[in-house]
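Only one structure is covered here, and it is reproduced in the block below.
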Protein chains: 2
Amino acid sequence: MKSHQTTIIDIAKHLSISKSTVSRALTGHPSVKPETREAVLAVAQEMDYQRNMLSISLITNKTKTIGIIVPEFMTSFFPQVVVGAQEIAAQKGYNVLISQCNESYETEVANSRVMLANRVDGVLVSLSKETRNFDHWKTFHRKGIPIVFFNRVCEEMAVPKVVVDDYDAAFKAVEHLIQTGKKRIAHLAGPDSLAISRKRLNGYEDALRKYNFPVDEDLIISYDLTLSKVRIYIRHLLELENPPDGIFAINDPTAIEAIQVIKQHGLRIPEDIAVVGFSNNYASSFIEPSLTTISQPVKEIGRTAMGLLLDLMDKETALWKPIIKTLETELIVRNSTVKKIS
Amino acid sequence: MKSHQTTIIDIAKHLSISKSTVSRALTGHPSVKPETREAVLAVAQEMDYQRNMLSISLITNKTKTIGIIVPEFMTSFFPQVVVGAQEIAAQKGYNVLISQCNESYETEVANSRVMLANRVDGVLVSLSKETRNFDHWKTFHRKGIPIVFFNRVCEEMAVPKVVVDDYDAAFKAVEHLIQTGKKRIAHLAGPDSLAISRKRLNGYEDALRKYNFPVDEDLIISYDLTLSKVRIYIRHLLELENPPDGIFAINDPTAIEAIQVIKQHGLRIPEDIAVVGFSNNYASSFIEPSLTTISQPVKEIGRTAMGLLLDLMDKETALWKPIIKTLETELIVRNSTVKKIS
DNA sequence: CTGTTAGCGCCTTCAT
DNA sequence: ATGAAGGCGCTAACAG
């Protein structure tokens with residue numbers, strides 16, 4: 001199969017004029033006789049001509065393409081971020097090369113190489129849960145390709161980042177549980193590799209401390225976000241001699257799983273045990289009971305990150321500032337902590 | 001900002017040998033002295049060299065990139081299809097250029113031009129709800145760029161497609177409602193522009209006919225998939241003189257909205273009115289009551305579509321066969337039609 | 001085994 | 001206002 005895309009040469013031949021003139025006409029160069037221009041444009045349209053961005057990119061050393069690397073596409077979070085990012089990119093005439101790495105470090109590295117080989121003008125990155133080595137991203141920095149992290153950021157790189165205040169949000173979530181009268185609050189934490197896990201854990205601990213509650217290691221379970229394991233952990237927690245009466249989960253899918261398991265155990269939510277999630281996923285308002293959670297401005301994260309990235313690209317490498325934008329979160333109180341009279 | 005990506009010339013200079021030798025070493029050509037190759041490879045690694053795919057694409061007239069155009073990223077359906085498609089593409093060394101058009105025809109056309117300009121080797125397409133003109137896709141066909149439709153296919157183009165048997169699935173769904181004793185079954189249909197809407201509607205009608213139920217136009221509401229409108233339609237249906245006791249919704253988000261509204265009206269599900277959706281979205285098993293729906297093999301749709309596309313690309317244009325792959329669906333019975341004793 | 005040359009499609013000087 | 005020539009980074013064909 002050979003694709004016969006129309007080229008400038010085809011148009012030039014068709015009109016018996018030089019390629020340069022065609023090129024000028026197509027790019028809107030002023031020094032082209034109006035009738036020539038119109039003739040060229042007409043033929044171009046007729047022949048379905050599309051500029052070959054490859055050759056242009058080769059010349060300009062710019063592809064007008066931004067790479068976006070995210071860890072997964074299972075939950076609605078990352079697709080929504082991408083939508084926001086794409087929106088801003090499109091406004092500025094940029095395309096987007098998306099890849100999700102299934103939470104695999106190997107794949108993340110491989111995908112980053114693909115981005116490099118395809119000469120993206122910049123990258124938007126959220127790390128996989130396995131990523132502990134950042135050399136592949138440092139390479140971008142070294143090559144002068146701007147990089148902006150969001151959500152799952154790399155703390156040891158001084159580049160722009162878009163985050164929410166995970167510490168504060170977790171603090172609010174746990175404080176809310178305390179204020180509803182819960183005394184023993186467990187935390188299903190994320191993997192230690194992710195900064196967001198650590199920050200949310202800190203928020204959890206500090207909220208307990210503020211109210212003079214002990215930080216009980218038995219009630220803190222770090223896990224690798226493999227949802228199927230939630231069942232085991234919840235069961236374990238419920239069978240403790242002194243089981244928790246509240247759970248703060250690292251994210252909504254975890255919380256939703258937890259709710260399922262708790263219900264199967266015949267316990268009442270929130271009376272026996274209350275649950276709070278993080279991120280306000282699509283499903284969270286529908287489950288029974290509806291999930292109290294922290295909402296993040298998902299699309300806005302995408303928009304902000306892309307905005308920062310495009311700003312960066314206008315500037316000299318030396319002027320890149322590692323700005324950190326922190327977006328607002330909000331505690332959404334639903335039935336999994338406070339039963340509405342409804 | 002200038003990105004200083006290493007080139008073959010840099011390596012050649014560094015080693016004082018010719019570019020062609022470097023190129024050969026890098027591409028694994030056999031006729032290179034092993035020590036030369038190793039030297040090249042070592043320097044390449046050291047200098048973070050990545051082959052510039054742009055120039056290679058320019059020469060080979062292949063970009064090793066597949067475009068994927070989907071109508072939206074709000075529901076989990078399309079992101080999941082993309083995951084499946086990407087999986088197969090990656091296996092064969094292809095990248096993926098994704099764009100979602102927010103259900104806008106204009107954006108779909110614009111995005112298709114971007115794909116053309118970026119010389120994708122093929123495209124995977126699911127149409128926006130507004131698309132009624134297919135010229136932009138016919139252009140691909142004419143230029144010899146293979147195209148495979150999935151889910152929301154273009155019926156008037158003879159190209160490969162991946163679908164489920166929407167007619168049969170809708171039939172099963174409605175038959176199920178009938179078998180649970182429902183007598184007046186309404187259908188919240190999709191826009192007429194989409195073939196899937198029409199097929200599901202046909203399945204609905206034929207199921208009614210099979211059981212000698214009248215097809216009542218008052219109970220069929222076609223809408224444009226704007227979720228916020230569901231409230232109005234459901235309210236309208238419930239206030240009919242002779243309201244329905246069952247609803248078959250075009251998709252799960254619609255069904256979930258419907259359930260919310262019905263509950264707010266104080267009606268019992270499924271006793272007063274039963275609801276069936278379509279697609280088995282992530283949220284559907286969590287809502288209260290859980291949603292009876294048709295499950296589609298989402299990732300498999302993506303895998304199959306990408307598989308077909310890659311097959312196409314190995315063949316001469318003349319040999320392209322408009323294969324239509326129909327994947328299996330399954331009726332998932334949950335509490336919105338049959339209350340479990342639980 | 002290695003070096004030289006031409007050219008992919010386009011844009012950008014330079015020349016006319 | 002137009003044409004001709006050079007080059008972006010790389011590979012392939014053609015010499016040595």
Exercise. Can you name the side chain to side chain donor-acceptor pair (under 3.5 Å) partners of B/T21, sequence neighbours left out?
Worked result: B/S18
Exercise. Under the salt bridge (Lys or Arg N to Asp or Glu O under 4.0 Å) test, which residues partner A/E35, sequence neighbours left out?
Worked result: none
Problem set entry | Set of residues satisfying ring pair (Phe, Tyr, Trp, His ring centres under 6.0 Å) with respect to B/F73, sequence neighbours excluded | A/F73
For this session: Could I get the full list of side chain to side chain donor-acceptor pair (under 3.5 Å) partners for B/S112, not counting sequence neighbours?
Result: none
For this session: Check DNA chain D against residues 23-35 of chain A and give the residues with a non-hydrogen atom under 4.0 Å, in numerical order.
Result: A/R24, A/S31, A/V32, A/K33
Exercise. Quick one: salt bridge (Lys or Arg N to Asp or Glu O under 4.0 Å) pairs with a partner in residues 130-139 of chain A, sequence neighbours left out?
Worked result: A/K138-A/E156
For this session: With sequence neighbours left out, write down each residue that passes side chain to side chain contact (heavy atoms under 4.5 Å, CB included) with A/L15, or none if nothing qualifies.
Result: A/I11, A/I17, A/A39, A/V40, A/V43
Exercise. What pairs with B/S193 under side chain to side chain donor-acceptor pair (under 3.5 Å), at least two apart in sequence or on another chain?
Worked result: none
Seminar exercise, completed: Quick note, side chain to side chain donor-acceptor pair (under 3.5 Å) partners involving residues 78-103 of chain A, not counting sequence neighbours, are A/E87-A/R303, A/N95-B/N118, A/S99-A/N111, A/E103-A/R152
Problem set entry | salt bridge (Lys or Arg N to Asp or Glu O under 4.0 Å) partners of residues 36-53 of chain A, not counting sequence neighbours, each pair once | A/D48-B/R142
Seminar exercise, completed: The first and last nucleotides of DNA chain C lying within contact of chain B, meaning any atom under 4.0 Å from one of its heavy atoms, run from C/dC1 to C/dG9
Problem set entry | Inter-end axis angle, the helix from C/dC1-D/dG16 to C/dT16-D/dA1, with every axis fitted to five base pairs (rounded, 10 degrees) | 50°
